[in-house]
Amino acid sequence: MDKLVSLCKRRGFVFQSSEIYGGLGSVWDYGPLGVELKKNIKDRWWRAMVHARDDIEGLDAAILMHPRVWEASGHVAGFTDPLVDCKTCKARFRADKLEDARCPQKPSKKPGEHSTCELTEPRMFNLMFKTFMGPVEESAAVVYLRPETAQGIYVNYQNVLNSSRQRVPFGIAQIGKAFRNEITPGNFIFRTREFEQMEMQFFVKPGSDEEWFERWREWRMAWHHSIGLAPAKLRWHVHGPGELAHYAKAAYDIEYEFPFGWNEIEGIHNRSDFDLGRHQEYSGKKLEYFDQASNERFLPFIVETSAGADRVTLTTLVDAYREEEVEGETRVVLSFHPTIAPIKAAVLPLVKKDGMPELADRLFHDLKKHFPCFYDDSGAIGRRYRRMDEAGTPFCCTIDGQTTSDGTVTVRERDAMTQIRVHQDQLAAWIRERVG
Ligand code: GAP
């Protein structure tokens with residue numbers, strides 16, 4: 001992880017937030033390569049969940065919502081973790097995760113094990129960030145930064161139903177920021193206080209929920225394979241009765257084997273009619289669905305798929321990272337699936353003379369109309385290839401002596417390092433076919 005974090009900073013994937021002020025705890029910024037990578041992942045998700053289907057609509061709900069939403073959802077009362085403070089070092093820990101934590105005074109020990117540790121009794125700590133709406137700071141003006149995007153979907157379910165031609169079963173998908181004041185965030189962008197979720201809520205007739213749940217489990221695992229994650233590093237974790245969230249009838253996590261262990265990257269939840277039932281109760285508005293085919297009225301059950309965009313981004317970085325020995329040197333390469341690679345192709349004039357820079361410049365501007373490209377004319381060609389390997393660029397296109405005579409360029413493929421010649425007129429189509 002240390003090597004990956006340092007590569008991410010060096011190559012402009014991820015920077016610490018407000019770094020020149022010493023950083024802000026577990027908040028991160030995406031640099032030029034990181035923003036492209038994360039955007040490609042979100043685009044792939046949107047394409048699979050919204051554009052490729054005719055039973056799911058998109059939504060972009062606001063982060064700030066009516067405070068009653070969070071009472072209805074159960075977050076005001078129950079979105080808490082048990083917290084203990086150390087009176088000596090002032091550090092805070094999750095009482096249920098002390099086994100995994102380290103004492104800041106003596107990192108070889110767990111909190112409470114060092115002779116000077118003085119831990120308080122656990123108290124429940126709500127993870128929602130609070131702020132005030134309008135100019136007054138009083139309890140009546142409290143609003144929350146949403147801790148999940150899902151609630152924006154539930155409160156808009158009837159709006160979407162009435163404004164689209166959908167009928168149950170159908171889904172609503174959304175990508176957006178969520179905020180949680182995590183007690184023990186960490187592992188780089190794995191657990192942060194500000195993050196993005198890619199959530200989809202599928203509304204179904206009660207009784208068909210278990211069947212839909214199984215379908216969504218299958219489709220979501222297939223999506224992770226489709227962005228190139230190694231199947232052997234992915235597995236299911238089923239939630240036992242003690243683990244289930246307050247809203248869930250059943251829940252499975254898709255886990256990935258990170259360097260710090262197996263951890264959740266997406267949750268698939270059968271939320272029953274809990275959410276619509278609670279919003280119906282708290283808002284006083286009828287949220288039932290009338291099924292014309294069967295002449296029945298019911299409150300739909302919800303099957304939710306909830307993935308973290310930042311967590312999936314981290315997963316693709318970890319999964320793609322390789323170190324290889326090549327001609328006595330270590331080559332670091334990010335073997336991203338070409339569809340999510342931030343830069344699709346680099347254009348490299350072999351030397352800065354003999355008309356090569358002019359040809360390369362023309363080709364670069366032509367390719368740039370089709371996909372993100374990078375131009376590099378500085379240093380030995382081997383060094384330039386290595387820089388592109390570290391950025392995860394699948395194709396390097398070198399303009400050389402032969403280009404000036406027959407119009408072909410050398411295309412070097414990132415993973416196998418094989419080289420073939422492609423005519424410059426066919427290059428954009430050749431690359432497009434391979435990067436999706
Ligand atoms: N709406 C259901 C829900 O929010 P969750 O299991 O709490 O369920 C879903 O979160 C996903 O959101 C997780 O699988 C993870 O990918 C992402 N996520 C949750 N908390 C996160 C955090 N603090 N930092 C980064 N991603 C997080």
Side-chain angles (χ1 to χ4, degrees), residues 14 17 24-28 30 38 41-42 45 59 61 63 65 69-70 72-75 78-81 94 97 125-129 144-155 171-202 213 216-217 220-221 223-224 227 229 234-239 243-256 258 260 262-272 274-276 278 302-318:
V14 180
S17 161
L24 181 66
S26 287
V27 185
W28 300 89
Y30 288 83
K38 187 169 158 191
I41 290 167
K42 290 188 287 182
W45 186 87
L59 180 77
I63 288 171
M65 301 182 73
V69 166
W70 306 110
S73 69
H75 284 82
F79 196 51
T80 51
D81 278 339
R94 262 178 73 167
K97 299 272 180 197
F125 174 79
N126 196 297
L127 302 185
M128 282 196 294
F129 279 97
Y144 301 95
L145 300 188
R146 66 181 175 199
E148 62 171 8
T149 60
Q151 300 300 326
I153 295 182
Y154 306 142
V155 301
I172 305 177
Q174 145 156 268
I175 298 177
K177 290 266 185 177
F179 303 82
R180 295 183 189 176
N181 198 3
E182 302 276 4
I183 301 169
T184 47
N187 285 323
F188 194 32
I189 53 170
F190 179 81
R191 180 168 285 109
T192 53
R193 295 195 166 103
E194 173 178 344
F195 55 97
E196 258 182 300
Q197 287 187 315
M198 307 186 287
E199 294 201 307
M200 192 281 308
Q201 314 296 323
F202 207 76
F213 184 66
W216 275 110
R217 281 208 314 123
R220 291 308 304 147
M221 184 60 99
W223 182 81
H224 288 282
I227 59 164
L229 298 183
L234 292 164
R235 73 173 187 193
W236 288 107
H237 166 74
V238 57
H239 285 220
E243 262 180 293
L244 283 174
H246 60 278
Y247 52 73
K249 176 179 160 191
Y252 275 81
D253 294 338
I254 296 179
E255 292 189 335
Y256 182 82
F258 290 95
F260 45 88
W262 287 94
N263 275 285
E264 172 191 345
I265 58 173
E266 170 157 1
I268 324 292
H269 311 129
N270 182 341
R271 297 183 68 131
S272 71
F274 175 85
D275 302 282
L276 291 184
R278 294 277 289 202
I302 292 170
V303 175
E304 168 184 66
T305 73
S306 175
D310 310 84
R311 225 173 251 192
V312 175
T313 303
L314 176 64
T315 314
T316 61
L317 282 159
V318 168

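Whatever order the structure lists them in is the order used to number ligands and atoms, beginning at 1. Index from 1, following the sequence.
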Exercise for the section: Go through the side-chain N and O atoms of Tyr252 and Arg220 and say whether any donor and acceptor fall under 3.5 Å apart. Expected result: no
Exercise for the section: Consider every N or O of His269 and every N or O of ligand 1, then say whether any pair is closer than 3.5 Å. Expected result: no
Practice task
Ignoring angles and geometry beyond distance, decide whether Ala150 reaches within less than 3.5 Å of ligand 1 through its nitrogen or oxygen atoms.
Solution key: no
Practice task
Report yes if some N/O of Arg191 lies less than 3.5 Å from some N/O of ligand 1; otherwise report no.
Solution key: no
Problem - Short side-chain donor-acceptor distance under 3.5 Å, His75 and Gln151 - result: no
Handout entry: Side-chain H-bond candidate by donor/acceptor type, Glu199 with Gln174, under 3.5 Å
Key = no
Practice task
Check if Asp310 has a non-hydrogen atom at a distance under 4.0 Å from any atom of ligand 1.
Solution key: no
Practice task
Give a yes/no verdict on whether any heavy atom in Arg271 is under 4.0 Å from an atom of ligand 1.
Solution key: yes
Handout entry: Min N/O separation Ala307 to ligand 1 under 3.5 Å
Key = no
Practice task
Work out whether the distance between some heavy atom of Tyr247 and some atom of ligand 1 is less than 4.0 Å.
Solution key: yes
Practice task
Look only at the side chain of Glu255 and the backbone of His237, and say whether a donor-acceptor pair between them is shorter than 3.5 Å.
Solution key: no
Problem - Nearest-neighbour protein heavy atom for atom 20 (N) of ligand 1, which is reported as residue plus atom name and distance - result: Arg180 NH1, 3.3 Å
Problem - Residue part near ligand 1, for Glu196, under 4.0 Å between non-hydrogen atoms - result: neither
Completion exercise
Note: Val312, heavy atoms under 4.0 Å from ligand 1, region reported as neither
